[in-house]
Asker: 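Below is the structure I would like to discuss, written out as structure tokens.
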Amino acid sequence: MSAFRLSPLVLFLLLSGCANAGPWVEVGGQRYAVEVADDNEERARGLMFRDVLAEGTGMLFIHDREEPQAYWMKNTRIPLDILYFDDARKLVAQQRDVPPCSAGNACPSYPSRKPARYVLELNAGQAAKLGLKDGDEIRFSRDIPAAPANP
């Protein structure tokens, strides 16, 4: 019986190709695989009703225009960092370690305080781990749709 073996280099290339599949963002020198929420229904649902957000992943929200944004944690079970980026993809506001909320419409909102077009949600603690500061830039993979021009 013959066993099929891959060289370490071939195995590495195959695995690294898989790791880069799908949309991703880079921020603070770290790459995250992301789900993209770029319409009203996807943005409204966000990460609601999920019990876990896998390590190294997040959700990127793309809004129709750059304007002050406010997110809340209604029906969200995962503590998150909420990071707000402007049209130039610069970090303009951070809401770190935002706790889950099961209080329905009584859940507080977490505003950007400055106009933002993109919002990245990551597991709580990631912004601190990366040492993110306002002005840091986010990079997108090519398969993330461009935001529409401001009307």
Asker: Show me the pairs that pass side chain to side chain donor-acceptor pair (under 3.5 Å) and involve residues 98-114, at least two apart or across chains.
Answerer: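 As it turns out, the side chain to side chain donor-acceptor pair (under 3.5 Å) pairs with a partner in residues 98-114, which skip direct neighbours, are K74-N105.
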Asker: Find the distance between CD (Q30) and CG (L132) and round it off to the nearest 0.5 Å.
Answerer: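 Here the interatomic distance stands at 10.5 Å.
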Asker: To the nearest 0.5 Å, how far apart are CZ in R45 and CG in N40?
Answerer: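 That separation rounds to 15.5 Å.
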Asker: For residues Y71 and Y84, determine if any side-chain heavy atom of one lies less than 4.5 Å from a side-chain heavy atom of the other.
Answerer: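 The answer is yes, as the side chains (C-beta and beyond) meet within the 4.5 Å cut-off.
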Asker: SG/C107 to CG/N75 distance, rounded to the nearest 0.5 angstrom?
Answerer: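 CG of N75 is found 7.0 Å from SG of C107.
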Asker: If we only count heavy atoms from C-beta on, is the Q94 to D134 side-chain gap below 4.5 Å?
Answerer: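 Yes; the side chains approach each other to less than 4.5 Å.
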Asker: If you group Ile, Leu, Val, Met, Phe, Trp and Tyr by side-chain heavy-atom gaps below 4.5 Å, do V36 and I138 land in one group?
Answerer: yes
Asker: I'd like a table of donor-acceptor pairs (distance under 3.5 Å, sequence neighbours excluded) in which one partner is a side-chain atom from residues 121-129, with atom names and distances.
Answerer:
| unit_1 | atom_1 | unit_2 | atom_2 | d |
| --- | --- | --- | --- | --- |
| N123 | ND2 | L53 | O | 2.9 |
| Q126 | OE1 | Y32 | OH | 2.6 |

Asker: Does L120 form a side-chain contact (heavy atoms from CB on, under 4.5 Å) with V27? I'd like the steps, not just the answer.
Answerer: CA-CA 10 Å; L120 178 63; V27 63; 4.1 Å; yes
Asker: Could you walk me through whether L83 and L91 pass side-chain contact (heavy atoms from CB on, under 4.5 Å), step by step?
Answerer: CA-CA 7 Å; L83 308 172; L91 184 61; 3.9 Å; yes
Asker: Once side chain to side chain donor-acceptor pair (under 3.5 Å) is applied, do any residues pair with S141, and if so which ones, sequence neighbours excluded?
Answerer: D143
Asker: For E35, check side chain to side chain donor-acceptor pair (under 3.5 Å) against everything at least two apart and list the hits.
Answerer: R50
Asker: Quick one: is the NZ or CZ of R89 closer than 6.0 Å to the six-membered ring centre of Y118, and within 45° of its axis?
Answerer: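 Judged by the rule (NZ or CZ under 6.0 Å from the ring centre, within 45° of its axis), R89 counts as positioned above Y118.
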Asker: Should side-chain heavy atoms under 4.5 Å link Ile, Leu, Val, Met, Phe, Trp and Tyr, which residues sit in the same cluster as F49?
Answerer: M48
Asker: Hey, does L47 have a side-chain heavy atom less than 4.5 Å from the side chain of L80?
Answerer: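 Result yes, sub-4.5 Å side-chain heavy-atom pair found.
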Asker: Do side-chain atoms of E66 reach the backbone of R117 as a donor and acceptor pair under 3.5 angstrom?
Answerer: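 Pair absent, no side-chain N/O of E66 close to backbone of R117.
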Asker: Taking all non-hydrogen atoms of both residues into account, name the closest pair between M73 and P99 and its distance.
Answerer: CG-O, 3.5 Å
Asker: Start with the C-alpha gap between V25 and I144, add the side-chain angles, then the distance that decides, and say whether side-chain contact (heavy atoms from CB on, under 4.5 Å) holds.
Answerer: CA-CA 9 Å; V25 300; I144 293 179; 3.9 Å; yes
Asker: To the nearest 0.5 Å, tell me how far D87 CG sits from E67 CD.
Answerer: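 So the CG of D87 and the CD of E67 are separated by 10.5 Å.
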Asker: Taking the side chain as every heavy atom from C-beta outward, state whether R139 and W24 have any atom pair closer than 4.5 Å.
Answerer: yes
Asker: Would you indicate whether the side-chain heavy atoms of P111 and P68 approach each other to under 4.5 Å?
Answerer: no
Asker: Report yes if the side chains of P23 and V34 come closer than 4.5 Å at any heavy-atom pair, otherwise no.
Answerer: yes
Asker: Would I78 and D51 satisfy side-chain contact (heavy atoms from CB on, under 4.5 Å), going step by step from the backbone distance to the final call?
Answerer: CA-CA 6 Å; I78 309 162; D51 294 318; over 6 Å; no
Asker: Kindly indicate whether the side chain of R43, heavy atoms from C-beta on, has any atom under 4.5 Å from the side chain of E41.
Answerer: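 Not touching, per the 4.5 Å side-chain cut-off.
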Asker: According to the salt bridge (charged side-chain N to carboxylate O under 4.0 Å, His left out) rule, which pairs have a member within residues 53-63, sequence neighbours left out?
Answerer: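 Matches after skipping sequence neighbours: none remain.
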Asker: With rounding to the nearest 0.5 angstrom, report the CD to CG distance, E42 to L60.
Answerer: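 Those atoms lie 11.0 Å apart.
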